[in-house]
Amino acid sequence: MVKYGLDYTRCRWILPLLLGIGVIFGIIALAGRGWLESQTLPYVQQASLWESCRRPEQGGEWTCESLMNYAWGRAAAATYLVGFLLLVICFALAIIAFAIDTLRFNFIRGIGGLLFVAAVFSIMGLVIYPVKFSTEIEMTGINMFSWAYGFGWTTAIMEICLGFFFCCLPNYEDQILGNVKPTYFYSSP
């Protein structure tokens, strides 16, 4: 990859591949039931982005309440979902941008900007959820924000990092396309 840059056919798909992994992590966060879980016995609390479930004692039946009944629940779900949809759009645009033989570097910088907007929406949803959940829903025992919530944060961090990569990539256009003669620091006597 160092010698050929993004012109090397196997290496040019690394950024779209990382975006695809971010999309998979976003799907896991949206579908996962582990946004909040009881940490210690009795395990009586479990929540996702969409609903909060509790049971009276260990081994009892779960009763679930939709978080869409709360304005903050709708806001958290909507902002995270908008961020996820922008991520999917960036993934599709990256596939198109890297499939073209001649890379369009201004197009790639636009994908980076859109990734930053997606990160802002995702982070808004990820901040609204725990703040309002912990103040408005009664919790029993010690609870923790769990694996699906962690996948949500991983998606947001990937959006930020990939946004930097996509925005900075056009600065090295000549090096990537091989238009610059390599500089050697060793000279023979």
Side-chain angles (χ1 to χ4, degrees), residues 1-2 5-6 10-39 45-52 67-68 72-99 103-135 137 139 142-173 176:
M1 181 171 169
V2 174
L6 286 179
R10 283 183 275 170
C11 295
R12 74 183 307 154
W13 293 103
I14 290 175
L15 291 177
L17 175 70
L18 288 173
L19 275 175
I21 292 170
V23 168
I24 291 169
F25 286 174
I27 291 171
I28 292 171
L30 285 169
R33 292 186 54 90
W35 278 57
L36 181 123
E37 293 178 336
S38 296
Q39 185 175 358
Q45 182 85 30
Q46 183 179 20
S48 69
L49 181 61
W50 312 104
E51 64 184 2
S52 173
L67 295 179
M68 298 302 111
W72 62 265
R74 290 189 300 273
T79 55
Y80 189 79
L81 196 57
V82 166
F84 176 73
L85 290 176
L86 289 174
L87 177 65
V88 170
I89 290 168
C90 288
F91 176 63
L93 291 175
I95 295 288
I96 293 167
F98 285 96
L103 290 173
R104 303 281 187 248
F105 283 96
N106 291 334
F107 187 57
I108 291 173
R109 188 169 278 154
I111 294 171
L114 198 57
L115 280 169
F116 285 124
V117 173
V120 167
F121 277 104
S122 297
I123 290 172
M124 283 187 335
L126 289 166
V127 169
I128 291 171
Y129 183 84
V131 169
K132 297 307 279 185
F133 192 97
S134 61
T135 59
I137 296 202
M139 294 190 281
I142 299 172
N143 296 290
M144 66 176 175
F145 291 97
S146 191
W147 60 272
Y149 186 69
F151 273 106
W153 273 107
T154 304
T155 302
I157 291 169
M158 286 182 78
E159 289 168 347
I160 293 169
C161 294
L162 287 169
F164 278 116
F165 277 121
F166 275 93
C167 284
C168 293
L169 196 60
N171 294 340
Y172 301 99
E173 179 177 2
I176 291 169

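What you see below is based on every heavy atom in this structure, not just the backbone, and it leaves out hydrogens, waters and symmetry mates.
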What pair of heavy atoms forms the shortest contact from [X] to [Y], and how long is it?
X	Y	result
F91	P16	CE1-O, 3.2 Å
L19	C90	CD1-O, 3.8 Å
G34	S146	O-CB, 3.0 Å
Q46	R33	CG-O, 3.5 Å
G152	A29	N-CB, 3.5 Å
A94	F166	CB-CZ, 4.0 Å

Next on the checklist: Is it the case that the side chain of S38 and the backbone of Q45 share a donor-acceptor pair, with hydrogens and angles ignored and the cut-off at 3.5 Å?
Outcome noted: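 Flag set: sc S38 to bb Q45 pair under 3.5 Å.
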Checklist entry - Taking everything shown except F121 itself, do over 12 heavy atoms lie less than 6.0 Å from its CZ? => result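 No - once you tally the heavy atoms of other residues, nucleotides and ligands closer than 6.0 Å, there are 12 at most.
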Item to check | Residue F116 excluded, over 12 heavy atoms near CZ under 6.0 Å | outcome: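 Yes, the 6.0 Å shell around CZ holds more than 12 heavy atoms from other groups.
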So how far is it from [X] [atom1] to [Y] [atom2], rounded to the nearest 0.5 Å?
X	Y	atom1	atom2	answer
I95	I111	CD1	CD1	9.5 Å
T154	E159	OG1	CD	11.0 Å
L18	C161	CG	SG	10.0 Å
L115	I89	CG	CD1	11.0 Å

Item to check | Beyond-backbone contact of L126 with Y149, side-chain heavy atoms, under 4.5 angstrom | outcome: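 A side-chain contact exists here, since the closest heavy-atom pair is under 4.5 Å.
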Checklist entry - Tell me, do L15 and I108 make a side-chain contact under 4.5 Å, heavy atoms counted? => result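 No, side chains not in contact.
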Item to check | Steps toward side-chain contact (heavy atoms from CB on, under 4.5 Å) verdict (L67, L49) | outcome: CA-CA 8 Å; L67 295 179; L49 181 61; over 6 Å; no
Next on the checklist: If the test is ring pair (Phe, Tyr, Trp, His ring centres under 6.0 Å), which one of F133, Y129, F145 qualifies with W35?
Outcome noted: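 It is Y129, the one option of F133, Y129, F145 that forms the ring pair (Phe, Tyr, Trp, His ring centres under 6.0 Å) with W35.
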Counting only pairs under 3.5 Å, give me each side-chain donor-acceptor contact of residues 77-86, with atom names and distances, residues two or more places apart or in other chains.
residue, atom, partner, partner atom, Å
T79, OG1, A75, O, 2.9
T79, OG1, A76, O, 3.2
T79, OG1, G125, N, 3.2

